[in-house]
Amino acid sequence: MTDRPSTAPAPPAGPATPDPLVALRGGLVVSCQAYPGEAMRDPRTMTQVALAAVRGGAAGIRVQGVADVEHVTHAFAELGITVPVTGLWKDGTDGVFITPTLRHAVAVAHAGATIVAIDGTRRPRPDGLSLAQTVAGLREQTSALVMADCGSLDDALAARDAGVDVVGTTLSGYTGERPRTDGPDLELLAQLVDRLDVPVIAEGRVHSPAQARAALDAGAWAVVVGTAITHPTSITGWFVDALTA
Ligand SMILES: CC(=O)N[C@H](C=O)[C@@H](O)[C@H](O)[C@H](O)COP(=O)(O)O
């Protein structure tokens, strides 16, 4: 167990931070996702991966798809695990595809997610709703918190104005507004921490413990790691590349 009282981010100004976000503060969120057609794309498998991550000290879990959210949250409830689950629903592969509509967001919340991660960019949404309308609709129908997956400072400022609870750097490098950096986009992270009064989560291409630490040091509320922990095909490829270079 590592105690980091001196480096945990200060609570943002404004209304009291909701409990699930307090639980994530200074911690690691492990994103457990397998992609269409992959051998591990099965809710039972992702639940096992999530349980392994919790055993390793994950403060939170991020999981994709209604079935996976249901499976993971049921297993956690049965086992008395209170680690917050962030859910999302990817529909498609380009444009707005991370929980793209209010319907997707409500379904993820109803499946048991404590936090629903949605596309937090300024791009038009497939259902024609604005981000603010999506957030309002989700709040009307559920008690889930809302995480905006953003790709730029302008996205994050707009998402904050739309009333989200937390923003992430998730889409930096994937929307054309920011370069796809080798590691996490620490420059964007620092901008968001400086400009926003909601927690900022570092997500995207955090591939090593040192990079996770650097993100926390740059002011991240929490750090999400997916591929480097839960995607064996990618990790194997990194090693194979090193051996064949
Ligand atoms: C851009 C996009 O679709 N990101 C997705 C969002 O859920 C996932 O594919 C990523 O694995 C996740 O963001 C964690 O990032 P990384 O796997 O780089 O640690």
Side-chain angles (χ1 to χ4, degrees), residues 24 27-38 40-41 43 45-46 49-50 53 56 58-69 72 84-100 104-105 107-108 111 113-121 123 126 146-152 155-156 159 164 166-186 188-189 192 200-216 218 220-238:
L24 296 185
L28 176 70
V29 177
V30 178
S31 179
C32 307
Q33 301 187 33
Y35 298 94
E38 291 186 338
M40 287 172 64
R41 192 162 167 106
T45 307
M46 285 301 111
V49 171
I61 292 295
R62 179 170 162 120
V63 64
Q64 189 287 136
V66 168
D68 290 27
V69 172
V72 168
V85 173
T86 300
L88 64 144
W89 176 357
K90 283 184 184 170
D91 198 350
T93 49
D94 34 52
V96 175
F97 67 91
I98 294 182
T99 325
H104 290 83
V108 170
T114 305
I115 303 167
V116 177
I118 64 178
D119 181 287
T121 67
R123 300 172 294 186
V146 187
M147 173 173 175
D149 289 343
C150 296
S152 68
D155 281 349
V164 306
V166 54
V167 303
T169 58
T170 318
L171 287 170
S172 173
Y174 302 106
T175 64
E177 288 200 279
R178 298 283 306 168
R180 195 173 299 188
T181 46
D182 248 0
D185 188 348
L186 294 177
L188 175 64
L189 174 67
L192 302 194
V200 178
I201 291 185
E203 175 167 355
R205 303 180 301 281
V206 181
H207 287 168
S208 70
Q211 289 174 341
R213 178 74 246 175
L216 212 58
W221 185 263
V223 181
V224 176
V225 177
T227 306
I229 296 177
T230 64
H231 199 249
T233 303
S234 297
I235 302 164
T236 303
W238 297 342

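Read the numbers this way: they start at 1 and go in the same order the structure lists the ligands and their atoms. The analysis underlying the following values was restricted to heavy atoms, covering all of them including side chains, and did not include hydrogens, waters or symmetry mates.
Nearest protein heavy-atom neighbour of atom 12 (C) of ligand 1: Glu203 OE2, 3.1 Å. For atom 10 (C) of ligand 1, the nearest protein heavy atom (residue, atom name, distance) is Tyr35 OH, 4.1 Å. Of all protein heavy atoms, the one lying nearest to atom 4 (N) of ligand 1 is Thr170 CG2, 4.1 Å. Counting protein heavy atoms only, atom 18 (O) of ligand 1 is closest to Arg205 N, 2.7 Å. Of all protein heavy atoms, the one lying nearest to atom 2 (C) of ligand 1 is Ile98 CD1, 4.2 Å. Thr227 OG1, 2.5 Å is the protein heavy atom nearest to atom 17 (O) of ligand 1.
Backbone and side-chain nitrogen or oxygen atoms of Ser31 are examined, and none is located within less than 3.5 angstrom of a nitrogen or oxygen of ligand 1. Of the polar atoms of Gly226, at least one N or O is found under 3.5 Å from an N or O of ligand 1, judged by distance alone.
Between atom 8 (C) of ligand 1 and the options Lys90, Arg180, His231, His207, the minimum heavy-atom separation is to Lys90.
Pairing each heavy atom of Ala156 with each of Leu192, the nearest pair is CB-CD2, 3.5 Å. Nearest heavy-atom pair across Met147 and Ile115 is CB-CG2, 3.8 Å. The minimum heavy-atom distance linking Glu177 with Ser152 is given by the pair OE1-OG, 2.8 Å. Nearest heavy atom pair, residue Asp155 against residue Cys150, reads CB-CB, 3.8 Å. When every heavy atom of Leu88 is checked against every heavy atom of Ala117, the shortest pair comes out as CB-O, 3.7 Å.
Interatomic distance, Thr114 OG1 to Ile61 CD1, rounded to the nearest 0.5 Å: 11.5 Å.
Each of the following atoms of ligand 1 lies closer than 4.0 Å to a heavy atom of Phe97: 3 (O). Within the listing of ligand 1, atoms 7 (O) sit less than 4.0 angstrom from a heavy atom of Leu88. Using a 4.0 Å cut-off to heavy atoms of Gln33, the atoms of ligand 1 that qualify are 6 (C), 7 (O), 8 (C), 9 (O). Taking a cut-off of under 4.0 Å to the non-hydrogen atoms of Arg62, the atoms of ligand 1 that pass are 6 (C), 7 (O). Proximity to Gly204 (heavy-atom distance under 4.0 Å) selects the following atoms of ligand 1: 15 (O), 18 (O).
Salt bridge present: Arg62 and Asp149 bring a charged side-chain N and a carboxylate O closer than 4.0 Å.
Using bins of under 30°, 30° to 60° and over 60° for the plane-to-plane angle, the ring pair Tyr35/His231 lands in the perpendicular bin.
With a heavy-atom cut-off of 4.0 Å, Asp149 does not touch ligand 1 at all. With a 4.0 Å cut-off on non-hydrogen atoms, Gln64 does not touch ligand 1 at all.
Within the 4.5 Å cutoff, side-chain heavy atoms of Trp238 are placed close to those of Thr227.
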* **Candidate pair Thr181 and Leu188, rule side-chain contact (heavy atoms from CB on, under 4.5 Å), full reasoning** => CA-CA 11 Å; Thr181 46; Leu188 175 64; over 6 Å; no
